[in-house]
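Below is one structure, written out as structure tokens; the observations come after it.
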Protein chains: 2
Amino acid sequence: MSARSQAAPARRAPRAAVPRRGRDGTATRARIEAEALALFAQKGIDGTSVRDIALRAGLSEGALYRHFPSKEELARELFLSHYAALARAICAVDARDVGLAEKLRDVVALACRLFDEEPALFAYLLIHQHDHLRHVPATPDANVVEAVALLLRDAGLTPERAALASAMALGCVVQPAVFALYGRLDGPLAARADEIARAVTGIVEGARGA
Amino acid sequence: MSARSQAAPARRAPRAAVPRRGRDGTATRARIEAEALALFAQKGIDGTSVRDIALRAGLSEGALYRHFPSKEELARELFLSHYAALARAICAVDARDVGLAEKLRDVVALACRLFDEEPALFAYLLIHQHDHLRHVPATPDANVVEAVALLLRDAGLTPERAALASAMALGCVVQPAVFALYGRLDGPLAARADEIARAVTGIVEGARGA
DNA sequence: ATTATGTTAGTGAACGATCACTTACATAAA
DNA sequence: TTTATGTAAGTGATCGTTCACTAACATAAT
């Protein structure tokens, strides 16, 4: 203590020596989001305490509340933003001027890639959909389900047929992902993308033809 | 006190007049299970307190622990017993001496009927699978996934193909159920059973042929 | 018949732990 | 000086669980 106060007056240097934890722009927020996502996916939202998140993000509980108004808001924002991003990616595929089969193949491949590259994110979206689905807007650029349904309607399915077909098509991707999460399916999901896409195409063609 | 001791000696009759809450065989346990299931499905396990369950079942918190060792055990037993019952029902279909298409149609119909008749139960199994799936034995008579996989292997699919095909087949039933839960699909799911069965058959035949 | 003893199923009031969140204060940057 | 970002030490509420005790009934010895 005495050494510090003695050297205090004109000090600037010693700060830089330490790779300061805070004060690095928006990196703190990103770190909080990343750690929260990993913890939420692994232990659940209720199973994860704010202490856990703050600790792993390298700051105090109080500091976390400088970035998010509440744990619930953090969980919701995390879900809604990534869910919307996936929905927009699907819309982008739909917007391209190619055939239905190619669109379906690309959407399936997109989902498989997301699963392989960001398993924690995918698991979070999968497992906690039921906590947040009621807060998702019913627009194709914020809602994966609406995006898929729109794609099918654009391909000529009636809204009624598109509803069931989009459910089954989603199930053909989601459930293999669940299996992969629990170790019932080995290797990257992308390796199965073609077979999944074939099944999805069969379902959609069936719904269009019948 | 004086009135009671006066009438005390030869009393037996007045007991039967009152529909006593306790002492009625195993009804209490069943009531706890039913209320817990409804609450768990609606508000989640963590969102439901032991106080809630006890209140709705018409007894005190302490009494609940005469019937279940802990809230977690109650939740687990609830899941495992019903999950196993569904698995056994699927195995029973598989044991019958009929063709693959008919088996698949019956299993799909079975699941749709369960959803329509006991939505709370189905929702609980669906939403909280991830809390309990790690505790489910990997035998066909306790595990829905194993039961379906066995059915497909019995139909001639290789274990490798059966794994992915059972995932997609399950997805074709589970995801429409999720949609129905969220009001994206109207009416009883049983009304869609035939169309779902057709999709599932297509997937399985595709995996067998390829 | 009465009494002693035991079991089962219940009550309601704690208990200790945990949690989300707040407050008071510090410090560095603008 | 003001603002953004941080820390440390709280706060009150809630939760799962336990505890001491009681009511109702069964059984067997007295």
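Just so it is clear, the values below take in all heavy atoms, side chains as well, and ignore hydrogens, waters and symmetry mates. Within every chain, numbering begins at 1; the chains are lettered A, B, ... in the order of the sequence lines, protein sequences first and strands thereafter.
- Remark: C1' of C:dA24 and OH of A:Tyr65 are 17 Å apart, rounded to the nearest angstrom.
- Within 4.0 Å of A:Glu61, counting heavy atoms only, lies at least one base atom of the nucleic acid.
- Atom-to-atom, CZ of B:Arg29 to P of C:dA9 comes out at 11 Å; the value is rounded to the nearest Å.
- What separates CG of B:Asp46 from P of D:dA13 is a distance of 22 Å, to the nearest Å.
- Between B:His67 and C:dT8 there is no side-chain polar atom (N or O) within less than 4.0 angstrom of OP1 or OP2.
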Using the rule given for side chain to side chain donor-acceptor pair (under 3.5 Å), can you reason through B:Tyr182 versus A:His130, listing the C-alpha separation, both sets of side-chain angles and the distance that settles it, and then say yes or no?
CA-CA 9 Å; B:Tyr182 287 98; A:His130 307 287; 3.0 Å; yes
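- The pair A:Lys103-A:Asp154 fails the salt-bridge criterion, with no side-chain N (NZ, NE, NH1 or NH2) lying under 4.0 Å from an Asp/Glu carboxylate O.
- The residues A:Glu160 and B:Arg192 are annotated as salt-bridged, a charged nitrogen and a carboxylate oxygen being separated by less than 4.0 angstrom.
- Nearest to the side chain of B:Val50, among C:dC21, D:dG16, C:dA24, sits D:dG16.
- Within 4.0 Å of B:Ser60, counting heavy atoms only, lies at least one base atom of the nucleic acid.
- Of the candidate nucleotides C:dT11, D:dG16, D:dT7, C:dT11 has the atom lying nearest to any side-chain atom of B:Leu59.
- For the residue pair A:His132 and A:Tyr83, no side-chain donor N or O sits within less than 3.5 Å of a side-chain acceptor on the partner.
- Between A:Leu64 atom CG and D:dA8 atom C1' the separation is 15 Å, expressed in whole Å.
- Listed nucleotides: C:dA9, C:dA14, C:dA20. Nearest to the side chain of B:Arg51: C:dA14.
- Distance, B:Ile45 CD1 to D:dT14 P: 21 Å, rounded to whole Å.
- The pair B:Asp52-B:Lys43 meets the salt-bridge criterion, since a charged nitrogen lies less than 4.0 angstrom from a carboxylate oxygen.
- Between B:Arg66 atom CZ and D:dC21 atom P the separation is 14 Å, expressed in whole Å.
- Under 4.0 angstrom from either OP1 or OP2 of C:dG10 there lies at least one side-chain N or O belonging to B:Thr28.
- Rounded to whole angstrom, the span from the CG atom of A:Asp52 across to the P atom of C:dT18 amounts to 12 Å.
- As a whole-Å value, the separation of A:Phe68 CZ from C:dT22 P is 16 Å.
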